[in-house]
Every structure is written in C-alpha cells, then in structure tokens.
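The figures here come from the full heavy-atom set of this structure, side chains too, leaving out hydrogens, waters and symmetry mates.
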Amino acid sequence: MRYSKLFYFFIFAALASLLPFLALYYEQIGLSGGQIGLLVGIPPLVSLVSATLFGAIADATRQHKLLLLTTVSGYTLSVLALSRVTQFGGLVVVMFVYALFFAPILPLVDKTTLDLLGNNKEAYGRQRLWGSLGYGLAAPAAGVIIEATELHWAFYICGGLLLVLVLVSTRLPVGQVNLDGHVWQGMRLLVTSWRWAVFLAVVFIGGAALAVNTNYLFLYLAELGASKSWMGLSQSLATASEVVILFFSAQLMARFGTRGLLIISMLFWVIRLLGYAVATSAAVVIALQLLHGPTFAIMLVAGVAHADRLAPAGMGVTAQGVFSGVMLGLGAAFGAIIGGFAYQSLGLAAMFGWAGAGVLLALFLFVAAGRVVANRRLKAAITEVKP
C-alpha cells in the first residue's frame, strides 16, 4: 500500500505547485479575464468524456498499467508544454491535451487502491489522506520558490514532481478497472426525478463556487498585495481544514444527515465568498481559507452519501458518476468560465460577491424545496390514515 500513498502524495503535491498559480501566469502573459475563464474551464469539461474514452481503450486492450503510465507521462509532457506556449489559441490546444491525460489518472488509482484494500475499504481515507498532506506541504514550498524566482518555476516544480510520479507508477500494481461511470447515460435522472434535479442543482452550484475559489483566489490575493509564499500558506490552511472534516466525516454524517450537511456546506460557501468580497486585506482572505473543509469537504462527503441514497437499485456507480460529473465537471466549468467574464467586467471583489449571492439563492431554493417535499409527505401520510 505504500505505493498508493506515494502516488497520492506526489500527484497532489504536483497539483498544489501549479494549479493555483495558473491564473496568475495567464494574467502575466497578457490574457483577458474571459480568456482565462475559458482556459480554466476546459479541464472539467474534458474530464466528462476523457475517463470513459481511455477506459474503453484499456478494457479493449487489457493494458490498464500501460494506460496509467501513458496518462501520467502524457500529463507530465503537457505541463512542460504549457510553460512554453503563450498564445491563446495554442494554450487552448495544450490545455485540452493536459485535461485529456489527467482525467483518467485518479479514477484508475482510486479503484486500484480500493482493490488492494480488499475487505478493509473503509481504510481508503487513510490512503487518500497522503494526497492532502502532499498538497498542504507542497503549496507553501512552491510559493516560497516562485517568490524567489518567477512564475515559470511553478511548471518546473510540478514537472519534477510528476517525473517522480512516473517512477512510482511503475511500481503500483494496477488491476483491471472499468472507468466508464455512465455519466451521460445517467443524466436522464436529472429530467426524470425531481429529487435528483434538486440535488444536482445544489452540487452544480457547489462545483461552480469551488471553481471560482480555486481559479481566481491567487489573482485576488495578488491584487491585495499578498506574496507568493503567503499564497502557498493559504493552501496549507485550506488543506488542514479539509483533513479535519474528512477525519470526522462519519460523526458529522450521523449528527446532521446528508441534507443537513449540504445546507451547512452552502451556508459556509455564502460566508466564505461574501467574506472575500468585503475583505480589505489579504490576511482576511487567507484566514477564510479555513472554511475550505466546511465548504468543499462537507459537500463532497455529503454528496457521495446522498447520491448513494437516491440511486435506483443497481445504479450506484451511475449515481456517483452523475454526482461527480455535475459537481466537478459541469459545475466547475460553469464557475470557471462565468467567473472569468465576471472578473473581466466587474472585478474580482464583485465576482466573489455575486458568486456568494448565487449560492445564497440556491440555498434558499434548496431549503424551500425540502419543505415542499416534507409537506407532501405529511399530506400523503394523513390521507393514508384517514378511515
């Protein structure tokens, strides 16, 4: 199991050293807010189909280990290529390739890790925790190095960590994995089930909020005068709060239930985003990163459980594919793209403010929808007991 831990550690360390700095790099080379939004919106859209495409190839050839080595190597090369391209059209092409190779990696390793755990699958969190540790340790280190050098070092650090990941991949025992999450087939749930429609609307908004935060936070911190090292520290604070929530997720689920946790997550998203909008210093924005656990991590664990509960018999995998695809695919793409145009036309503070207002509206509708359902159930129960 040590290779699974190493894999999670290095891939998330690589992500921490690059992803938060991409928007800063795009701005540095002269791209507009709309162009930045389009670029950061490409990966979640491509991920909806890329994992299924590579999965079909791997299933047909029975070469899942080769698939992992190919995607990790391709992802590494795409990161290095990204550092050499400065024209928007070229960046679109490279970012598409970047997303194409990245999308199948984590599903492959997650399934491999679960298979290795056997009957001890509840220990998955302790394996995945190494990814959070890698992210939390790499982010501030990358910030210090980039501050002392230049933004291009984000690509070099990420590329170096990915080269180590290639070596780790050669030792990871990858089994036969079906990557087809049936996302598109399962999307019919959106139009045939009112409860699914409400749930997916909530996670769509959560994914959009996450994309706004992930892609534009460092631009905002730079506007407020924060150094690159402080930007890295903000990621460590976010990771620490995420680890705490994941550690106590079972207790939180038992106390509040899935619907209660979804409401809590949205409430904290409102506080977090509106807090960014009215912040007058980088220190306040960085402190608000401690809400990453109560926002993203809570919605993630509650969403997985809620999707499982709503899933029709025999469609558990489909349900998880739909949940992930809507939150981290469609929702994330929408937030990234709309956030870019809002940044260009309104500014970053207003962008965060409108995002917070959007989540607040979604929260109100979610609570109202829950009351409608409760009233219908009550009326149905009364009708049943009448003589």
Side-chain angles (χ1 to χ4, degrees), residues 16 18-41 44 139-140 143 146-147 151 154 204-239 241-242 264-296 299 331-365:
L18 177 62
L19 288 187
F21 296 99
L22 271 180
L24 283 173
Y25 172 72
Y26 293 149
E27 185 184 56
Q28 179 178 283
I29 62 177
L31 299 186
S32 67
Q35 290 173 322
I36 293 173
L38 290 174
L39 284 175
V40 298
I146 292 169
E147 185 175 8
L151 271 173
F204 177 87
I205 295 298
L210 177 66
V212 167
N213 177 83
T214 300
N215 293 300
Y216 301 104
L217 178 67
F218 277 19
L219 281 173
Y220 194 40
L221 286 172
E223 186 177 286
L224 293 173
S227 66
K228 302 297 188 300
S229 58
W230 278 96
M231 292 178 189
L233 175 62
S234 73
Q235 299 300 98
S236 294
L237 292 177
T239 302
S241 71
E242 179 182 322
I264 290 172
S265 171
M266 296 178 73
L267 179 60
F268 276 109
W269 266 122
V270 173
I271 296 172
R272 188 179 183 184
L273 292 169
L274 293 182
Y276 289 157
V278 300
T280 57
S281 70
V284 174
V285 173
I286 291 173
L288 286 168
Q289 283 292 84
L290 289 170
L291 296 182
H292 184 70
T295 51
F296 167 68
M299 180 164 284
F334 176 82
I337 294 170
I338 297 300
F341 286 105
Y343 155 50
Q344 180 175 319
S345 59
L346 303 173
L348 289 166
M351 179 201 69
F352 284 118
W354 279 107
V359 178
L360 180 60
L361 176 61
L363 173 60
F364 172 78
L365 294 175

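M231 has its side chain out of reach of P20: every pair of non-hydrogen atoms, C-beta onward, lies at least 4.5 Å apart. Considering only heavy atoms from C-beta on, Q235 stays 4.5 Å or farther from H292 through its side chain. With contacts defined as side-chain heavy-atom distances shorter than 4.5 Å, the pair L217/Y276 qualifies. Looking only at side-chain heavy atoms (C-beta outward), L151 and K228 come within less than 4.5 Å of each other.
Note that the CG atom of L290 and the OG1 atom of T239 stand 11.0 Å from one another [nearest 0.5 Å]. Here CG of L361 is found 8.5 Å from CE of M266. Values are rounded to the nearest 0.5 Å. A distance of 11.0 Å separates CZ of F296 from CG of N213, quoted to the nearest 0.5 Å. A distance of 4.0 Å separates CZ in F21 from CD1 in I146, rounded to the nearest 0.5 Å. Between F341 atom CZ and L346 atom CG the span is 12.5 Å, to the nearest 0.5 Å. Between the CG atom in L267 and the CD1 atom in I264 there is a gap of 8.0 Å [rounded to 0.5 Å].
Listed by chain and residue number, nothing satisfies the side-chain contact (heavy atoms from CB on, under 4.5 Å) test with V278 (two or more places apart in sequence, or in another chain). Residues satisfying the side-chain contact (heavy atoms from CB on, under 4.5 Å) test with T214, not counting sequence neighbours, are L210.
S265 contributes a side-chain N or O that, together with a main-chain N or O of T295, makes up a donor-acceptor pair within less than 3.5 Å. Judged by distance alone, with hydrogens and angles left aside, the side-chain atoms of Q344 form a donor-acceptor pair with the main-chain N or O of G34 at under 3.5 Å. A donor-acceptor contact shorter than 3.5 Å is absent between the side chain of Y216 and the backbone of Y343.
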**Study point:** Steps toward side-chain contact (heavy atoms from CB on, under 4.5 Å) verdict (W269, I205)
**Key:** CA-CA 10 Å; W269 266 122; I205 295 298; over 6 Å; no
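In Y220, the OH atom is crowded: over 12 heavy atoms of neighbouring residues, nucleotides or ligands sit closer than 6.0 Å. The number of heavy atoms from other shown groups lying within 6.0 Å of CZ (F204) is above 12.
Between L274 and G356, the closest heavy-atom pair is CD2-CA, 4.0 Å. Closest of all the heavy-atom pairs between V212 and G335 is CG2-O, 3.6 Å. When every heavy atom of A336 is checked against every heavy atom of A211, the shortest pair comes out as N-CB, 3.7 Å. In this structure, S229 and E147 approach most closely via the heavy-atom pair OG-OE1, 2.8 Å. Taking both residues in full, the closest heavy atoms of I337 and G41 are given as CG1-CA, 4.0 Å, listed atom of the first, atom of the second, then distance. Minimum interatomic distance between E223 and L348 (heavy atoms only, all atoms of both residues): OE1-CD1, 3.6 Å.
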